[in-house]
Amino acid sequence: MKRSFSPSNISTSTSSNSASASASTTLRRHLHNSSSSQQLHNGDFQIVENDLSDPKPWEFNRNIKSYGSSRDTFNQNNYLDKLDSPINSGSSDLPLYSHSHSYDDMETRQRKVNNNNGIGSGEKEISLADSYDEKVELLDDQGKWEKGHGAGPGIGGKRGLPPRQRIGGWRGIMVEHEELIWTGIYTLLSMITRYWRIGAANYVVWDEAHFGKFGTHYINRDFYFDVHPPLGKMLVGLAGLLSGYGGGFEFKSGVEYPADVPYTSMRVILASFGVALVPLAWWTAGEMGWSRWTRHWVTICVLCDIGWLCISRFILLDSMLLFFTFTTTLGLVKFHNQRHDAFGDDWWIWLVFTGWSIGCVCSVKWVGMFITALVGLYTIEDLWDKFGDLSMPIRTYIQHWIARIACLMVLPFIVYASCFKLHFMVLNRSGPGDAQMSSLFQAHLKGNDFAESPLEIAYGSKLTLKNYGYGGGLLHSHVQTFPVGSQQQQVTCYHYKDDNNNWIVTPVWNDDPVDPDGPIRYLQAGDTIRLLHAATGRNLHSHPIAAPVTKENWEIAGYGNETIGDENDLWVVEVVDDTSRGTFKPGTENRIHALTTRMRFRHQQLNCYLRAANAVLPQWGFKQVEVSCIKENNKKDKHTYWNVESHWNERLPPGNAKLYKSPFWRDFVHLNVAMWTSNNALVPDPDKEDILASKPFDWPFLHLGLRMCGWGDNQIKFYLLGTPIIWYFSTISLGLALLLFGYYLARNQRQYKDWKSNEQWEQWLYVGKIAFGGWALHFFPFLIMGRVTYLHHYLPTLYFAVLMAGHVLEHLFFGGNRRTTFKKSIWFGVWAGSVIFSFWWFKDLALGIHGPVNDHWGWLWRLSWNVSYYFFVRERE
């Protein structure tokens with residue numbers, strides 16, 4: 001059966017349907033209601049019987065350009081490139097579908113039709129449904145493929161090939177499941193590199209001495225203190241528990257592991273976080289909308305960087321920090337790609353995932369606050385753009401705010417606080433970190449005798465005084481004297497238990513001494529006393545001499561002895577409150593209680609108050625906290641609050657543990673402030689040379705590496721360095737990206753149109769902001785930090801530099817249709833080959849250097865690298 005009709009009928013039909021029906025209606029009409037196809041022959045349309053029941057795209061020598069659920073037309077090339085050749089480069093640009101075009105645009109496209117049969121050459125507008133060559137599968141009413149047809153590459157949401165376009169054989173499996181196949185391949189390669197010879201070094205390497213010991217504390221349940229949040233260290237303890245570690249090793253640096261310590265298993269478990277970095281990079285690069293070439297190159301960089309490789313192979317926190325940094329970045333870009341399906345299932349999943357990742361990365365190290373800032377800036381910009389969308393109802397806009405506050409602020413805080421709650425629950429025994437916490441908290445630790453100490457303080461009692469300020473320590477003194485000021489005995493605050501923390505409550509000079517057989521005299525609010533240092537016999541003393549660090553305050557020192565002293569040794573006890581009894585009432589007998597009574601000590605002569613803030617003494621003061629006498633009477637200054645912690649008096653009965661309660665939120669805040677204070681105290685010592693330390697500007701171009709162990713000829717050695725090609729080019733790409741940005745801004749100002757659409761320009765800017773913003777937020781804070789820094793601090797920053805390098809390569813080499821597939825493959829071989837070659841050349845720095853280091857040549861690319869003995873010879877010269 002044959003029928004004929006004119007092209008005008010087709011055009012009329014298409015036009016009318018575009019006004020009244022969706023693209024899917026037109027497709028159904030022409031693909032299913034008609035059982036014939038078009039042929040161009042001598043200028044006439046002839047209809048020939050043809051079977052359209054099972055269209056197969058490979059029959060027409062066309063590659064699938066893209067498939068996925070993104071609504072952005074500028075991401076249509078994001079995964080599978082079309083076959084780049086001069087023949088079909090102009091005729092294979094039809095994607096399977098596109099969301100960002102209107103339905104009219106979906107129904108009608110501009111096509112170049114070469115008419116060699118008398119019709120002529122030129123552009124002709126024809127309906128999608130009338131394009132026999134494309135045999136496009138049916139769309140649903142939303143212009144999307146039916147969901148739920150299996151995983152496949154693309155960006156955002158549920159994705160997969162429609163069932164009637166699947167390809168048979170191994171090629172079909174590769175196309176449809178390429179995402180999963182490459183994920184498996186890269187995961188396997190990552191496991192090989194991370195696990196290879198991981199147990200060869202049978203001794204404690206670098207910071208395993210710290211974090212292995214912290215894992216031991218979790219297994220023994222001993223309370224400890226560290227400057228980092230607890231999640232990473234709890235995972236170290238969990239790795240030890242799963243490995244069968246009993247908690248009996250001290251993890252001293254350089255010491256060989258005994259047979260009963262499963263250090264290899266612990267390293268393998270923690271290295272699994274490093275293994276996951278590679279597939280996470282693969283997925284993230286896909287969500288950026290890049291071509292397969294760029295995705296592979298970025299993933300190979302993460303696989304082959306020896307810095308990431310080396311840091312992942314030991315019992316350290318960095319592999320977990322990097323893992324959660326990568327997951328947060330993945331969650332952010334995944335959520336961005338769901339922005340056109342607000343409040344949909346996938347939108348909520350990735351928003352919650354991002355918030356959870358933020359909570360985890362901040363619970364490993366506070367460096368996670370930098371990626372949190374990136375998410376925050378993205379959210380602010382996103383909400384600002386929505387504020388300018390006049391078509392969005394105000395209720396919907398408020399819902400966007402609520403969703404982000406709940407998922408990106410409340411949820412991360414819940415995760416962070418929950419880690420501390422679990423930390424407190426597990427560590428329920430007295431340990432080396434007790435002194436960093438409040439006295440009430442310590443009273444509930446097993447093995448601590450605070451709760452059994454006498455409740456009421458009496459004259460003659462020996463005690464320790466705990467500063468109530470966040471991060472406060474114990475009032476301390478030692479025989480060393482001040483090298484400045486009065487040059488009397490030093491009085492400081494110390495955060496660890498020591499006999500030099502003990503003081504004796506003594507009457508004033510004119511009162512009778514304490515009679516051990518006489519009636520007990522209790523210490524009360526308003527009493528004037530002396531505090532005698534138990535170890536040295538000096539009196540707590542102040543005088544009008546400036547404190548060594550806080551010059552506006554008076555100095556606190558140790559002076560005299562039990563029989564020699566003056567009026568400057570006298571202190572008045574002023575009670576603030578009691579956590580058990582509340583506020584004291586004037587005129588009543590208000591005895592001072594251990595642990596619960598908060599009080600201030602006012603100097604009787606100078607009317608200044610005993611204070612220990614966070615000022616740190618120089619090296620001559622052993623980096624301990626300065627104690628001074630502040631002139632200002634600020635009753636809310638908690639650094640002037642003190643409480644009795646340990647208390648010894650044989651004449652008094654023991655206390656009652658039920659009276660001591662320590663709220664979780666008070667302990668939570670107290671520990672975080674103590675962590676902050678101790679972290680800020682990690683400053684370089686000007687009197688010592690640290691050959692391991694480096695400065696931030698040393699990192700981008702690898703000025704200096706880091707020796708992670710001893711350098712003896714008979715031991716396996718590890719040198720923390722990056723793969724030079726990756727570090728050098730990623731740093732250069734940051735500058736290239738800024739130049740490209742300025743170049744396009746200048747051309748835009750001159751009315752040049754370098755982008756096909758504004759959406760493409762916005763996408764290019766978005767990826768650049770994620771990459772450069774992440775790098776800047778991770779790098780620049782280290783420039784203003786006073787603490788000592790090392791090369792491994794740059795490892796999270798490096799990830800965003802690598803993303804920027806991928807962004808630049810995509811723009812200059814792998815994106816678009818300017819180069820054929822063959823040329824792209826050549827360029828990919830050059831870029832990927834240079835990375836792999838550089839990795840192979842330096843791999844032993846991460847996998848372990850065997851034998852004398854000078855037997856290995858070719859590693860001294862920069863003379864500043866102290867990887868060989870030549871470095872030290874040159875330094876001495």
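If you read the sequence from its start, that first residue is 1, and numbering goes on from there.
For W297 against G806, the heavy-atom pair with the smallest separation is CZ3-N, 3.9 Å. Contact detail for H778 and P781: the closest heavy-atom pair is C-CD, 4.0 Å. The two residues S363 and P229 have their closest heavy-atom pair at O-CB, 3.1 Å. Here the closest non-hydrogen pair linking T187 and V275 is O-CG1, 4.1 Å. Shortest non-hydrogen contact noted between D844 and R197 is OD1-NH2, 3.8 Å. Across all their heavy atoms, T329 and I371 have their closest contact at OG1-CD1, 3.7 Å.
With a 6.0 Å radius and a threshold of 12 heavy atoms from other residues, nucleotides or ligands, F697 has its CZ atom at or below the threshold. Within 6.0 Å of NZ on K823 lie no more than 12 heavy atoms contributed by other residues, nucleotides or ligands. The number of heavy-atom neighbours closer than 6.0 Å to CG of D855, taken from other residues, nucleotides and ligands shown, is above 12. Counting non-hydrogen atoms of other residues, nucleotides and ligands closer than 6.0 Å to CH2 of W366 gives a total above 12.
A cation-pi contact links K843 to W840, judged by a cut-off of 6.0 Å to the six-membered ring centre and 45° from its axis. Both the sub-6.0 Å distance and the 45° axial angle are not jointly satisfied by K213 relative to the ring of F251.
Looking only at side-chain heavy atoms (C-beta outward), F780 and W775 come within less than 4.5 Å of each other. Taking 4.5 Å as the limit, every side-chain heavy atom of V808 sits out of range of all side-chain heavy atoms of E810. No side-chain heavy atom of S312 sits under 4.5 Å from any side-chain heavy atom of D318. Between W711 and V853, the closest side-chain pair of non-hydrogen atoms falls below 4.5 Å. The shortest distance between side-chain heavy atoms of T821 and W293 falls below 4.5 Å. Contact annotation: the side chain of T294 approaches that of S291 to within less than 4.5 Å [non-hydrogen atoms, C-beta and beyond]. You'll find the side chain of Y378 reaches within 4.5 Å of the side chain of L332, heavy atoms only.
Side-chain N/O atoms of S243 and Y263 include no donor and acceptor closer than 3.5 Å. Side-chain contact check for S272 and Y195: at least one donor-acceptor pair (N or O, by modelled atom type) lies under 3.5 Å.
Separation of the H807 and F772 ring centroids does not fall under the 6.0 Å cut-off.
Aromatic ring pairs are classed by plane angle as parallel below 30°, tilted from 30° to 60° and perpendicular above 60°; the pair F782 and F370 is perpendicular. Using a 30° and 60° split on the angle between ring planes, Y799 and F326 fall in the parallel class, below 30°. Ring geometry for F779 versus Y794: interplanar angle over 60°, hence perpendicular rather than tilted (30 to 60°).
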**OP:** Using the ring-ring contact (aromatic ring centres under 6.0 Å, His included) rule, take Y257 and F249 through it: C-alpha gap first, then chi angles, then the decisive distance, then the call.
**Re:** CA-CA 8 Å; Y257 285 108; F249 185 58; 5.5 Å; yes
